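What follows is one structure encoded as structure tokens, with my remarks underneath.
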Amino acid sequence: QVQLVESGGGSVQAGGSLRLSCAASGRTLSSVVMGWFRQPPGKEREFVAAISRSGDTTYYADSVKGRVTIFRDNAENTVYLQMNNLGPEDTAVYYCAVKTGNTRWLSREISAYDVWGQGTQVTVSS
């Protein structure tokens, strides 16, 4: 079974940037859809972005569109989330996830994803 490890989180001031990484082992990520989700303090987990198997199609939540880019390097078996112009509303634990079913379509639903990483904390101060 694939295992995911997120990294790259930390503390930044408003307006700053972070790049999160999701490294996979156990299988080749080129065969699956990947997604990023986040869970702010006291709130439900929410969709951030998803990317197709080849990386040629992406999908973003309205709250991050224009500030966030998801991309993948299948040769390195890694998916990234580049976040710019961060604000306090972006403070959350960020998770990457694998969607192995119906891999021709992207999804924003938590239930569509099969495997999750442990998460990495992002804190944005004002």
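Here the structure is a predicted model, which is why all the values come from computation and not from measurement. Along the sequence shown, residues carry numbers from 1.
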task: Could you give me the CA-CA distance, side-chain angles and deciding distance for Arg38 and Ser63, then say whether side-chain contact (heavy atoms from CB on, under 4.5 Å) is met?
output: CA-CA 12 Å; Arg38 67 186 184 185; Ser63 60; 3.6 Å; yes
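- Under the 4.5 Å side-chain heavy-atom criterion for grouping Ile, Leu, Val, Met, Phe, Trp and Tyr, Phe47 is connected to Trp116 within one hydrophobic cluster.
- With values rounded to the nearest 0.5 angstrom, Arg72 atom CZ is found 11.0 Å from Cys96 atom SG.
- Within a 6.0 Å sphere centred on CD of Glu89, heavy atoms belonging to other residues, nucleotides or ligands number more than 12.
- In this view, Ser125 satisfies the side-chain hydrogen bond (donor to acceptor under 3.5 Å, both in side chains) rule with no residue, not counting sequence neighbours.
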Going by atom type alone, with no hydrogens or angles, which donor-acceptor pairs under 3.5 Å involve a side-chain atom of residues 53-60 and a protein atom two or more places apart or on another chain?
| from | atom 1 | to | atom 2 | distance (Å) |
| --- | --- | --- | --- | --- |
| Ser54 | OG | Asp56 | N | 3.4 |
| Ser54 | OG | Asp56 | OD1 | 2.6 |
| Ser54 | OG | Asp56 | OD2 | 3.4 |
| Asp56 | OD1 | Ser52 | OG | 2.9 |
| Tyr59 | OH | Arg108 | NH1 | 3.3 |
| Tyr60 | OH | Ile70 | N | 3.0 |

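- No continuous path of hydrophobic side-chain contacts links Ile51 to Tyr95 [ILVMFWY only; heavy atoms under 4.5 Å].
- Put simply, the side chain of Thr123 never gets that close to the backbone of Ser11: no donor and acceptor are under 3.5 Å apart.
- Residues meeting the side-chain hydrogen bond (donor to acceptor under 3.5 Å, both in side chains) test with Gln82, sequence neighbours left out: Arg19, Asn84.
- Connection of Leu106 to Val115 is not established within any shared hydrophobic cluster, with ILVMFWY side chains joined at heavy-atom distances below 4.5 Å, either directly or through further cluster members.
- Looking only at distances, no side-chain donor or acceptor of Ser30 sits under 3.5 Å from a matching main-chain atom of Thr28.
- No donor-acceptor pair closer than 3.5 Å links the side chain of Thr103 to the backbone N or O of Thr100.
- Other members of the cluster containing Phe71 are Tyr80, with ILVMFWY side chains joined at under 4.5 Å, either directly or via other members.
- A donor-acceptor pair under 3.5 Å links the side-chain atoms of Asn77 to the main chain of Arg27, judged by distance alone.
- Linking Ile, Leu, Val, Met, Phe, Trp and Tyr whenever their side-chain heavy atoms come within less than 4.5 Å leaves Val33 and Val48 in two separate clusters.
- In terms of the ring-ring contact (aromatic ring centres under 6.0 Å, His included) criterion, residue partners of Tyr113 (sequence neighbours excluded) are, by chain and number, Phe37.
- Counting only distance, with no hydrogens or angles, the side chain of Glu6 and the backbone of Gly119 share a donor-acceptor pair below 3.5 Å.
- A search for side-chain contact (heavy atoms from CB on, under 4.5 Å) contacts involving Val122 returns Leu18, Leu20, Met83, Tyr94, Val124, not counting sequence neighbours.
- Using modelled atom types, no side-chain atom of Asp114 and backbone atom of Lys99 make a donor-acceptor pair closer than 3.5 Å.
- Counting all heavy atoms, side chain and backbone alike, Leu4 lies closest to Ala24 at CD2-CB, 3.7 Å.
- The hydrophobic clustering, which links ILVMFWY residues whose side-chain heavy atoms are closer than 4.5 Å, places Trp36 and Leu86 together.
- Here the closest non-hydrogen pair linking Ser107 and Ala50 is O-CB, 4.0 Å.
- Within 6.0 Å of CD in Gln121 there are more than 12 heavy atoms belonging to other residues, nucleotides or ligands.
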